Structure formats: C-alpha cells, structure tokens
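Just so you know, these numbers come straight off a predicted model, no measurement behind them. The analysis underlying the following values was restricted to heavy atoms, covering all of them including side chains, and did not include hydrogens, waters or symmetry mates. Convention: sequence-line order gives letters A, B, ...; per-chain numbering from 1.
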Number of protein chains: 2
Amino acid sequence: MQAVVILDGRLDTVERPDPVPGDTELLVAVRAAGVNGADLAQSRGAYPAPPGVPADIPGLELAGEVAAIGRRVTRFAVGDRVMALVGGGAQASLATVDETHTLPVPAALSWPEAGGFPEVYATAFDALFSQGGLTLGERVLVSGASGGVGTAAVQLAAAAGAQVTAVVRAAAQREAVAALGASRVIDSSEVAGHGPYDVVLELVGGAGLKVALSALATQGRVLVIGVGGGAELALDLFELMGKRAQVRGSTLRSRTPAEKAAVLAALRAGVLPLLTAGRVRVPVCATFPLDQAQRAYEVFAAPGKLGKVVLVA
Amino acid sequence: MQAVVILDGRLDTVERPDPVPGDTELLVAVRAAGVNGADLAQSRGAYPAPPGVPADIPGLELAGEVAAIGRRVTRFAVGDRVMALVGGGAQASLATVDETHTLPVPAALSWPEAGGFPEVYATAFDALFSQGGLTLGERVLVSGASGGVGTAAVQLAAAAGAQVTAVVRAAAQREAVAALGASRVIDSSEVAGHGPYDVVLELVGGAGLKVALSALATQGRVLVIGVGGGAELALDLFELMGKRAQVRGSTLRSRTPAEKAAVLAALRAGVLPLLTAGRVRVPVCATFPLDQAQRAYEVFAAPGKLGKVVLVA
C-alpha cells in the first residue's frame with residue numbers, strides 16, 4: 001500500500017506492506033482521510049502514536065470501501081461505504097479498522113466529507129454532550145469555531161437548541177460560521193462582553209481561556225480539547241468554587257477500544273441521523289492527494305480556513 | 001436572643017430581637033453550632049454573607065430543639081431535636097431554619113456532635129459522591145484530613161469502599177485519622193509517591209494541589225472545596241487532556257434553597273443511617289460558650305486539631 005509517513009518532521013509517501021485485518025476488523029480501501037491537530041502535533045514530534053497503531057503513519061479518521069473482513073465481523077460486508085475512527089494509520093491507501101469504530105456513510109455524502117467526519121464530530125459530540133451535558137437553551141461558547149471540530153460543534157450545539165456564541169479569528173469566515181447555526185459570531189476580544197456561558201468548548205487554549213472562565217455562568221463547564229495557543233492556565237480556585245464550575249480536559253486518541261466503541265455508538269445514535277438528513281454537514285476547505293501530505297499539513301496549520309483539510313487516495 | 005456578631009474583624013456577643021419563623025421555617029433553640037472555614041473567612045471580611053441571612057451573625061450549621069413552627073411546616077413539631085444547614089446566623093441562641101434544610105438528630109448523638117454535623121457532612125458527601133462520583137474500590141486523596149470536612153470525608157469514603165489516602169500535617173493526629181478508616185495517613189511530601197488517585201478532595205489549596213494533580217489517574221476528578229493555603233493553580237491543560245481529568249470547585253453556601261434541600265435529602269438518605277448506626281461520627285475537639293466565640297475561632301484557625309470546634313448555647 002501507499003502510506004504517508006513522518007520522517008524527520010516532514011511528511012513523505014512510501015510503499016508499505018498491506019495490513020491484514022484481525023478477527024473483528026475491516027480492511028478498508030481508503031478514499032479520504034481528514035487531517036487533524038493531533039496529526040500536526042505528531043508530525044512535529046510532540047504527540048507520539050499510542051501502542052497498537054502504526055508509529056509513523058498519521059491519520060485518525062478515514063472513509064472508504066470495505067475490501068476484506070475479519071472472520072468475526074458481523075456488521076459490514078465487502079463493498080460497503082464506511083467511515084471510521086482509528087488511533088493512527090488512516091493516511092494510507094489501505095487501513096484496518098475495528099467494526100465497532102466504524103459507521104456507514106450516508107448516500108449523499110462525498111468521500112472527502114465522510115473522511116473528515118468521524119474525528120471531529122466524535123470529539124465535538126463527546127465533549128459537548130457526553131461530558132459537558134449541554135442541553136436545550138444553554139449558552140455555549142466555541143473558540144476556534146471555523147476549524148474542523150469548531151464547525152462540527154457549532155452545528156451540533158445549534159441542533160440541540162443551545163445558543164451558540166462562536167469565536168472566529170478570520171473575518172472572512174464569520175458569515176459562513178453564522179450560516180452553520182451560531183447565534184453570534186465574535187472576535188476573541190468580545191468574549192467577556194457576551195457571557196455568561198454555561199459551556200465553553202475550548203479548542204485554542206492560551207490567554208482566551210482565562211477570559212472565558214471569567215465569563216462562565218454558575219455551574220458552568222469548560223471542556224478543553226485543543227491547546228495549540230498555549231497549555232498553561234492560571235486558574236483562580238476561589239472563583240471556580242464560587243461558580244461551582246468545572247474544567248475538564250479530553251482527548252479521544254488515548255481511549256481504550258471499548259471506550260471508543262461507546263463514543264461511536266453515541267455518534268451513530270445522536271449524529272448520523274442528522275448527517276443523513278443534511279441537518280449537519282462537513283465543510284471541506286481543501287483536498288490533497290496522499291503524496292501532497294506535506295502541503296496539506298501546511299494548509300491545515302495556516303489560519304483562516306473553514307472546516308476540514310482532507311487527503312484523498 | 002443572644003448572638004455572636006462580627007465587629008471590626010473581632011467576634012462579640014450581643015442581644016438581638018428574636019427571629020420569627022416564616023411559613024416553612026422552624027424556630028430553633030440552638031444548643032450547638034459548629035465553626036467552619038467560611039465563618040473564619042467572613043470574620044476576616046473575606047466572605048460576605050449571601051442575601052437573605054443575617055449579615056453579621058456567622059454560623060452555617062446548628063442543632064437544637066424546635067421552639068416554634070411556621071404554619072406550613074409538616075415534618076417537625078415543637079420539641080423535636082433537629083440539626084440544620086443555614087446560610088448564616090447559626091451562632092446565636094435562636095435561629096430560623098427551613099424544614100427542608102433540617103434533619104432529625106439521632107438519639108445517641110450529643111448536641112456538640114449534632115451541631116457540628118450538617119455543614120461538614122453535607123460538604124463531604126456532595127463533593128465526593130454527588131459531584132465526584134466516588135465509587136467502590138476507587139482511590140481517593142483527602143488533603144487536610146484531620147479537620148471537620150476531612151474527618152467526615154475519610155469516614156464516608158471508607159464506608160463507600162474506597163481506598164483512602166489521608167494527608168495530615170500534625171503527626172499527633174495520624175493515628176486518630178487512621179482509626180476513622182484511612183488506608184494510609186501521610187505527610188504532604190508523600191502525596192506523589194502514593195498515587196495514582198481517582199478522586200482528590202482538596203481542602204487546603206496551595207502548592208499541594210499541583211502535586212496531587214500530577215498523581216491523578218486517568219479520568220480523575222479533583223474537587224476543590226477549601227483554598228486557605230492558596231487559591232491560584234497553574235494548570236497544565238495538556239496533562240488535563242491526556243488524563244481526561246476534571247477540576248471542579250464547589251461551595252454549599254451560595255446555593256439556592258431548592259439546591260440545598262436536594263443536598264439535605266441526599267444526606268438524609270446516604271449518611272443519616274450511618275450516623276444513627278454509629279458507623280460514622282463527628283469528632284469534636286473543643287466546645288466554647290457563645291460568649292467565647294473569639295477564642296473558639298482562634299482555636300479553629302490553629303493547626304493540629306482533630307475534628308470540629310463547636311459553640312454551645
């Protein structure tokens with residue numbers, strides 16, 4: 001197979017032996033695989049792959065056709081269009097995925113959309129609902145709202161009847177984020193003025209989080225998912241007590257296979273119907289073939305995009 | 001009535017008009033009222049009383065006999081032995097309490113024990129179980145374990161089948177805390193070496209919390225209840241994400257009457273049977289009459305005690 005590999009901090013494409021599916025796994029002929037923040041961090045040496053996945057092939061999500069199945073697979077058959085969450089190794093022409101980490105691809109979805117769906121929607125759904133308990137009428141602040149997880153979160157929160165305040169740095173993307181369902185699209189300097197917030201989904205980190213905390217409502221929940229802008233927070237515990245607030249960190253990648261299966265089951269129940277009905281979508285800002293992965297990562301790292309950068313095979 | 005009042009940072013005793021119970025309130029002839037950290041902070045001007053309670057009479061918990069009842073009271077009668085949680089005003093010879101914030105006093109309990117029960121047990125139960133989700137076999141770290149909330153937390157966690165590591169500064173109190181059910185009683189310098197911890201109940205704050213965080217288990221929960229030792233925490237968000245951990249702050253005092261009623265209902269169901277059966281108890285280290293409140297607060301503020309300082313009327 002052809003695979004993207006990390007070599008001395010750069011991305012290259014090499015031939016590797018085809019992987020063989022285990023008993024409960026599917027072999028997928030990858031058609032699309034999204035780029036995520038964890039891939040970028042891994043390519044820079046900051047976020048090594050967990051045990052059990054290819055150490056140097058990045059990629060946490062993919063879509064494609066089932067090419068072969070393990071002997072205990074019951075949910076999918078050869079030829080099915082699937083999308084899946086993996087611990088690594090998605091950015092290749094072939095990948096193995098556990099059937100419990102896999103969903104069917106709705107007919108109307110393109111391959112790039114499907115390949116950019118699992119990681120960001122699983123992350124946003126798990127953070128906002130499974131952990132944050134976001135519910136009807138609550139006020140949610142989404143930082144970095146124009147990115148992959150951000151666009152998913154804005155749409156899911158709006159679909160759940162929450163009031164979404166979206167923080168978007170690039171003025172050019174404000175209108176598009178509003179069209180995804182945000183009640184209000186603001187600059188980071190306006191965060192304090194539009195609180196209080198019941199839930200803060202923090203995708204950026206850095207100084208903005210301190211401001212968001214000061215605008216948190218009583219019993220507010222802060223979910224920290226991305227800290228590219230800075231990973232240190234000077235937390236005022238007296239304020240945290242007075243608000244009875246909580247700050248939670250989360251990441252999908254390090255979870256056990258059983259935990260990931262639970263996340264996918266929640267995604268299948270909560271989000272797949274919305275995706276099939278066209279009520280939420282996956283904005284794709286650019287696609288690149290596997291052998292242009294280095295360029296794809298550079299575009300991913302640059303500000304000002306809307307939605308996903310996806311590799312296509 | 002006779003009441004303890006805060007005057008220029010000192011405590012004095014004065015005569016005040018007797019309070020009149022509202023429709024759902026009891027007038028209680030106070031026999032005992034515990035001293036808590038919030039009283040000390042209020043006496044120093046750091047923690048003003050919330051609206052609706054006497055602004056200058058401290059005291060968050062009391063026990064005594066029902067002297068009169070409001071016209072809609074259904075659960076208690078004149079003469080009943082009761083203990084209650086209040087937003088302030090407990091340190092007086094008379095106090096009004098809402099019947100939903102009141103529990104009956106088990107026959108075997110002395111007045112000082114009953115007067116030192118509601119606030120610390122409600123705080124410990126709410127933090128460990130309602131918020132922290134502590135369950136059978138989990139590992140819990142309790143800082144400041146020899147104080148009022150600490151001794152309650154050690155006993156409740158042990159009763160729930162958790163493994164309790166208790167941090168106690170005063171060597172003289174280690175044996176007594178072990179006798180309350182702690183699996184291990186340690187000095188703050190030993191916290192890192194005995195992790196990981198599923199739940200950290202932080203009653204002290206300051207530098208020790210940073211160490212406890214580094215020893216937190218995956219999906220660990222930190223409950224911050226007291227920060228007398230320092231209210232600033234430099235939180236490493238990348239570590240928080242990797243552990244999928246959470247830091248929550250909490251305080252009882254600012255909650256709505258309905259929220260407090262829910263806490264008391266949980267306490268009645270979860271802890272009152274243990275207290276009645278003698279399986280948990282209220283260690284009282286010293287009692288003082290109301291007119292020696294200043295002295296009582298000084299003893300409360302000094303280190304090295306086991307359990308509660310209680311004012312008696």
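- Contacts of Ala245(B) with chain A are made by backbone atoms alone, with heavy-atom separations under 4.5 Å and no side-chain atom involved.
- Of the atoms belonging to Glu239(B), not a single heavy atom falls under 4.5 Å from chain A.
- Proximity to chain B (any heavy atom under 4.5 Å) is restricted, for Ile225(A), to the backbone atoms N, CA, C and O.
- No more than 12 heavy atoms of other residues, nucleotides or ligands sit less than 6.0 Å from atom CZ of Arg10(A).
- Considering only heavy atoms from C-beta on, Glu232(A) stays 4.5 Å or farther from Leu237(B) through its side chain.
- For the pair Gln246(A)/Gln131(B), no side-chain contact is recorded, criterion being any heavy-atom separation below 4.5 Å from C-beta on.
- Residues Arg244(A) and Glu259(B) are in side-chain contact: their nearest non-hydrogen atoms beyond the backbone lie under 4.5 Å apart.
- Taken from CG in Leu240(B) to CG in Leu233(A), the straight-line distance is 9.5 Å, to the nearest 0.5 Å.
- Of the residues listed (Leu235(A), Val224(A), Leu209(A)), the one engaging Leu235(B) in a side-chain contact (heavy atoms from CB on, under 4.5 Å) is Leu235(A), and it is the only one.
- Annotation for Arg44(B): atom CZ does not count as buried by contact number, only 12 or fewer foreign heavy atoms lying within 6.0 Å.
- Heavy atoms of Arg255(B) lying under 4.5 Å from chain A belong to its backbone as well as its side chain.
- To the nearest 0.5 Å, atom CE of residue Met241(A) and atom CG of residue Leu252(B) are 10.0 Å apart.
- Taking every heavy atom of both residues into account, Ser254(B) and Gly242(A) meet most closely at OG-O, 4.0 Å.
- Annotation: the span from Gln219(B) atom CD to Ser250(A) atom OG amounts to 8.5 Å, rounded to 0.5 Å.
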